[in-house]
Amino acid sequence: MSRTEQNGNGKGSLNDIQSLVNNNPYLLNKLICKELSKTVPLNINWVSPLLSDNYAEYRDDDFVSLLDLTLSTTLNKFWPVRGPQWDALGKAETGEVFLIEAKANIPEMVSPGTKATSAKSLDLISKSLNEVKSFLKIDNTIDWSNRFYQYTNRLAHLYFLREINKVPAYLVNIYFINDQTVDGPTSQCEWESAIKVMKCYLGINRHKLSKYMIDLFIDVKYL
């Protein structure tokens with residue numbers, strides 16, 4: 001399914017992002033505006049995960065529909081079904097789209113490789129990831145479908161929206177601090193060190209999509 005209802009009594013990033021979006025969206029909007037150097041605040045409407053929608057998270061065509069996007073190239077031509085399941089989704093009144101990936105501990109970052117099994121799906125994933133790497137001028141011999149795959153497939157979807165469909169999309173990675181339920185990092189510095197290692201492994205440095213990517217470090221005490 002491309003709509004998945006979530007437990008409202010979970011822990012870690014699942015609970016953190018639910019609390020942030022439903023209880024303090026103003027903080028999230030403020031931090032995003034600050035990173036984008038917006039002088040006029042963005043009014044972002046967060047459409048998931050909402051309490052009124054059983055904290056559902058969306059993927060595939062359902063996330064496209066939820067954000068009311070008109071695409072010139074359909075998603076299934078770029079990525080097979082069961083693509084990224086977004087932790088949160090928002091859209092500003094001015095049209096900007098925000099795709100959220102949230103983490104509360106470092107082991108979450110070290111995601112396993114793709115679970116796709118069919119040759120057709122694997123070929124499409126490989127083709128699209130290589131297209132993104134070529135666009136970003138990244139060494140094509142680095143396997144993006146294996147370790148840290150969650151990060152690379154989200155980056156690929158940003159490319160799909162921004163470069164292929166000209167949608168004003170942003171990828172926002174939220175790193176929660178001091179989540180004791182999952183023994184999470186207690187400082188931004190810890191997160192930054194882990195992110196540096198991940199990017200080194202993937203061959204990622206500053207690139208053409210960097211300005212559309214935002215890293216937020218949020219202490220759970222503000223939720």
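Everything numeric here is computed off the predicted structure, so don't read it as measured data. Only heavy atoms go into these numbers, but all of them, side chains included; no hydrogens, no water, no symmetry mates. If you read the sequence from its start, that first residue is 1, and numbering goes on from there.
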Show me the donor-acceptor pairs within less than 3.5 Å that the side chains of residues 166-176 make with the rest of the protein, sequence neighbours left out.
| residue | atom | partner | partner atom | Å |
| --- | --- | --- | --- | --- |
| K166 | NZ | E163 | O | 3.0 |

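- When the side-chain hydrogen bond (donor to acceptor under 3.5 Å, both in side chains) test is applied to N15, no partner is found at least two apart in sequence or on another chain.
- Between H157 and F78, the ring planes lie perpendicular to each other; the angle is over 60°, past the 30° to 60° tilted range.
- Pairs engaging residues 179-194 under the salt bridge (charged side-chain N to carboxylate O under 4.0 Å, His left out) rule: none recorded [sequence neighbours left out].
- Among residues two or more places apart in sequence or in another chain, the side-chain hydrogen bond (donor to acceptor under 3.5 Å, both in side chains) test is passed with S121 by S118.
- Scored by the side-chain hydrogen bond (donor to acceptor under 3.5 Å, both in side chains) test, W46 finds N29 as partners (sequence neighbours excluded).
- Considering only residues two or more places apart in sequence or on other chains, T114 meets the side chain to side chain contact (heavy atoms under 4.5 Å, CB included) condition with A116, L122, I125, S145, Y149.
- When the side chain to side chain contact (heavy atoms under 4.5 Å, CB included) test is applied to D53, the partners found at least two apart in sequence or on another chain are R3, L50, A56, Y58.
- Contacts of F148 classified as ring pair (Phe, Tyr, Trp, His ring centres under 6.0 Å), with partners at least two apart in sequence or in another chain: Y201.
- Shown here are the side-chain hydrogen bond (donor to acceptor under 3.5 Å, both in side chains) partners of N9, two or more places apart in sequence or in another chain: there are none.
- Under the side chain to side chain contact (heavy atoms under 4.5 Å, CB included) criterion, Y222 pairs with L27, D219, sequence neighbours left out.
- Each side-chain hydrogen bond (donor to acceptor under 3.5 Å, both in side chains) pair with one or both residues in residues 95-107, not counting sequence neighbours, appears once here: T94-E96, E101-K103, E101-R154, K103-Q150.
- Judged as a side chain to side chain contact (heavy atoms under 4.5 Å, CB included), and not counting sequence neighbours, the contacts of L14 are Q6, Q18, E57.
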